[in-house]
Amino acid sequence: MKGLICLAGCLAVLFCGQIAAGGTYLDRFDVPDDAEYIGSEDCSMCHEEVSDFYAHSAHHPERGLAIPGTDIAGCEACHGPGSVHVDEGGEGWILGYEDLGALGPDGRAAMCTQCHTDLDLNWHTSAHAGTEISCNDCHRDQVHHGGLARPAGEYRNQTEFCLQCHTETAAQFRMPHRHRVLEGHMTCTDCHNPHRGVDTGNWDDLNETCLTCHTQMAGPFVFEHAGVEGEECLTCHRPHGSQHDKMLTQSGNGLCLQCHVEMAFSTDQNWSLGGQAHAGLMMGEARCYDCHREVHGSNTDPTFYDR
Ligand code: HEC
Ligand code: HEC
Ligand code: HEC
Ligand code: HEC
Ligand code: HEC
Ligand code: HEC
Ligand code: HEC
Ligand code: HEC
Ligand code: HEC
Ligand code: HEC
């Protein structure tokens, strides 16, 4: 029986090496040749506490969640083949503190993405990749090791879970003009996927996130504003909160003049644009978008004028 499992296990290790490109998890360690996979049942005899933890998690060993394409499941998916350890009454080889403790955040992510292969594809683009934070830090409720964060289950909502580390972000959501995240109307993950990042250089990616809710800004418009279409919403808006109305990056006309510099250099001192001398119009407190109101695009007016 043991031989059979060993065969499956050994084949599985080879097989697994082909699946997870970019270096497999187990390749990082010196695994003794005679160590075999024996399943998680034996472990629970001596490691009651840990086994009990897993019995109440999504990773319950009895569910037999195996590394895709292999039979390797349960405790041994992370601790390696356990036969030597068990045969020697807990003295023999196992991946324990020394090896696992030496893993950096990447190695710890690789431990999980043996199975969570879909996340493997995107993790390296996520906000926390390359930081000290790895999967287990946020998912302590599902795995029994490490964890820089207290698990989400200990907070009233997911926003508070994120804010336990991002304390400085909370201040932005207390600005006078803000997304109502602290009030519970939205969550951090409406915009931030914890497992993949947004390419902020790409209209279709970061902006799409905003446009899933703000559909009216998506267009297409008969008259597109080249200052919005193909630009980032963040050219003019702060994503969390701002002291300026409509979460603008700045309240004055500098917002528009960052691109419409031609006005500042108008040869006739009149700020003529489109046959319109703006100098007179700009007296007092007038703002560009008091007149050019449909900043994001218009179906009726080429200058986004709201007449
Ligand atoms: C998802 C990966 C993973 C799984 C599954 C896993 N462990 Fe662990 N385990 C670790 C890591 C990583 C450590 C190292 C602890 C650290 O560095 O904080 C560890 C530490 C341990 C330790 C030593 C510390 C302690 O808590 O006593 C034991 C014993 C242990 N695991 C047993 C088990 C058993 C038994 C199972 C199955 C019921 C299991 N582990 C499942 C990753 C895992
Ligand atoms: C016969 C009892 C016994 C069985 C069965 C057993 N262990 Fe252990 N294990 C021990 C003892 C004893 C230790 C050392 C004392 C300690 O740290 O708890 C230990 C330590 C460990 C450690 C920590 C090693 C370190 O670096 O300190 C891990 C991880 C571990 N066992 C995992 C497993 C896994 C996975 C299985 C099932 C494949 C298993 N054990 C089965 C008795 C056992
Ligand atoms: C042996 C394969 C395997 C390993 C290793 C593994 N997972 Fe999983 N995990 C799964 C499977 C399969 C599911 C889906 C279970 C289900 O159907 O509910 C799952 C579910 C989860 C869930 C979802 C729980 C829920 O409530 O929906 C989280 C979170 C998770 N795993 C995190 C991790 C983290 C973090 C690690 C590494 C520390 C890890 N997993 C390692 C196979 C694995
Ligand atoms: C910064 C915290 C954080 C990190 C780091 C993190 N996650 Fe998650 N994860 C979450 C949150 C929050 C959810 C809840 C889903 C949601 O609301 O989007 C989640 C959900 C999950 C789920 C449930 C199914 C799903 O896809 O939504 C799995 C599985 C999972 N994470 C695995 C992982 C793995 C594997 C890693 C490392 C590669 C990882 N997580 C890193 C916070 C994190
Ligand atoms: C255990 C602490 C911890 C938790 C929990 C946590 N983060 Fe982080 N986060 C960090 C650290 C550390 C960094 C990297 C250092 C930095 O830039 O602040 C980071 C970076 C980020 C960044 C990138 C910052 C930048 O400057 O580019 C974003 C975005 C982010 N986290 C969002 C989230 C979200 C959303 C959640 C909840 C799902 C979350 N974090 C949960 C610790 C945490
Ligand atoms: C409405 C969408 C949205 C929501 C909701 C949101 N964020 Fe962000 N966040 C962004 C965008 C967009 C950026 C800027 C990304 C860039 O410039 O690369 C950002 C940047 C960050 C940064 C990087 C540092 C900074 O301030 O620029 C952190 C950290 C962060 N967010 C954490 C959080 C946390 C924690 C929450 C929940 C409390 C949250 N965010 C909610 C959209 C959002
Ligand atoms: C990121 C750069 C950028 C910003 C910021 C910007 N614009 Fe534009 N805007 C353009 C470009 C490019 C055009 C295309 C017309 C051109 O070639 O000058 C344009 C065209 C216009 C037009 C004329 C449309 C036409 O068909 O000639 C108006 C009116 C206008 N913008 C108003 C504004 C206002 C008001 C603001 C501030 C809320 C603003 N713009 C901010 C880049 C910008
Ligand atoms: C060229 C600068 C600029 C860009 C780029 C821009 N906006 Fe705006 N946005 C504004 C200005 C100015 C206002 C305030 C208009 C007013 O008060 O009449 C505004 C207002 C808004 C409002 C509030 C509307 C209301 O009626 O209260 C939302 C929502 C919004 N923008 C979303 C977006 C989204 C989503 C994007 C990216 C697709 C985006 N904006 C890109 C300048 C811009
Ligand atoms: C999950 C839905 C959702 C997403 C995603 C979202 N918003 Fe919003 N946004 C809202 C709601 C709801 C409001 C109404 C204000 C409130 O929170 O009460 C709002 C308000 C605004 C306002 C007007 C604020 C004011 O002071 O009147 C602007 C500007 C805005 N969002 C820009 C953005 C930008 C830029 C993004 C992308 C970084 C974005 N939104 C992503 C839901 C969303
Ligand atoms: C009091 C109203 C008013 C204000 C304030 C105003 N404009 Fe205009 N703008 C006009 C009128 C009227 C025209 C002539 C074209 C038209 O009828 O729409 C015009 C034309 C333009 C054009 C040229 C359109 C074309 O046909 O080429 C641009 C670009 C422009 N304005 C940008 C701005 C910017 C940037 C600001 C802020 C610095 C601004 N405007 C402030 C009323 C205004």
Side-chain angles (χ1 to χ4, degrees), residues 25 57-61 63-68 70 72-78 108-117 119 127 134-147 151-153 157-173 177-182 185-192 197-201 203 206-219 225-241 244-249 251 255-256 258-260 287-290 292-297 306:
Y25 165 67
S57 86
H59 296 114
H60 192 327
R63 301 179 68 192
L65 309 173
I67 298 171
T70 79
I72 304 169
C75 318
E76 292 178 308
C78 299
R108 283 185 283 139
M111 184 188 286
C112 313
T113 55
Q114 295 182 94
C115 296
H116 295 285
T117 49
L119 299 177
S134 192
C135 319
N136 60 308
D137 292 314
C138 290
H139 292 297
R140 219 169 79 184
D141 46 350
Q142 299 299 337
V143 290
H144 75 118
H145 62 282
N157 56 45
Q158 187 214 82
T159 296
E160 289 180 5
F161 164 75
C162 302
L163 290 176
Q164 69 178 293
C165 297
H166 294 285
T167 45
E168 77 295 347
T169 308
Q172 296 171 359
F173 287 107
H177 306 282
R178 60 181 181 264
H179 276 120
R180 296 188 192 278
V181 169
L182 299 184
H185 297 195
M186 287 170 73
T187 65
C188 310
T189 53
D190 281 336
C191 296
H192 296 285
V198 287
D199 177 356
T200 50
W203 164 262
L206 173 60
N207 285 12
E208 282 309 320
T209 304
C210 310
L211 294 173
T212 48
C213 295
H214 297 293
T215 48
Q216 73 277 25
M217 276 75 194
H225 181 193
V228 176
E229 210 237 345
E231 293 289 333
E232 281 186 12
C233 309
L234 302 192
T235 309
C236 299
H237 296 287
R238 293 241 187 277
H240 295 163
H244 308 300
D245 196 26
K246 309 295 182 194
M247 304 198 308
L248 291 168
T249 52
S251 61
L255 183 74
C256 311
Q258 61 181 316
C259 294
H260 292 283
R287 293 173 311 184
C288 312
Y289 49 91
D290 288 337
H292 302 284
R293 284 196 61 80
E294 298 185 289
V295 184
H296 305 92
D306 183 24

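Numbering of ligands and ligand atoms starts at 1, following listing order.
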- prompt: Given that the side chain starts at C-beta and the backbone is N, CA, C, O, which of these parts of Cys210 lies under 4.0 Å from ligand 8, counting heavy atoms, or is it both or neither?
  reply: side chain

query: Quick one: salt bridge (Lys or Arg N to Asp or Glu O under 4.0 Å) partners of Arg178, sequence neighbours excluded?
result: Glu183

- prompt: Counting each atom of ligand 8 from 1 as listed, which ones have a heavy atom of Cys236 under 4.0 Å away?
  reply: 1 (C), 2 (C), 3 (C), 4 (C), 5 (C), 42 (C), 43 (C)

query: So which protein residues pack against ligand 3 under 4.0 Å, heavy atoms counted?
result: Ala58, His59, Arg63, Leu65, Ala77, Met111, Cys112, Cys115, His116, Cys135, His139, Gln142, Val143, His145

- prompt: Any N/O/S atom of Cys188 sitting less than 2.8 Å from atom 8 (Fe) of ligand 6, backbone or side chain?
  reply: no

- prompt: Against heavy atoms of His166, which atoms of ligand 6 measure under 4.0 Å?
  reply: 29 (C), 35 (C)

task: Using a cut-off of strictly less than 2.8 Å, determine whether His296 has an N/O/S atom near atom 8 (Fe) of ligand 8.
output: yes

- request: For Asp290, enumerate each residue passing the salt bridge (Lys or Arg N to Asp or Glu O under 4.0 Å) test, keeping only those at least two apart in sequence or located in another chain.
  value: Arg287

query: With backbone taken as N, CA, C and O and side chain as the heavy atoms from C-beta onward, which portion of Asp245 lies under 4.0 Å from ligand 8: side chain, backbone, both, or neither?
result: neither

Euclidean distance, Asp141 CG relative to Asn136 CG, rounded to 0.5 Å: 11.5 Å

- prompt: How does Glu231 reach ligand 8, if at all, at less than 4.0 Å between non-hydrogen atoms: by side chain, backbone, both, or neither?
  reply: neither

query: Phe173: what forms a ring-ring contact (aromatic ring centres under 6.0 Å, His included) with it, not counting sequence neighbours?
result: His240

query: N/O/S of His237 less than 2.8 Å from atom 8 (Fe) of ligand 8?
result: yes

message: Counting only nitrogen or oxygen atoms and a 3.5 angstrom limit, does Asn207 reach ligand 8?
response: no

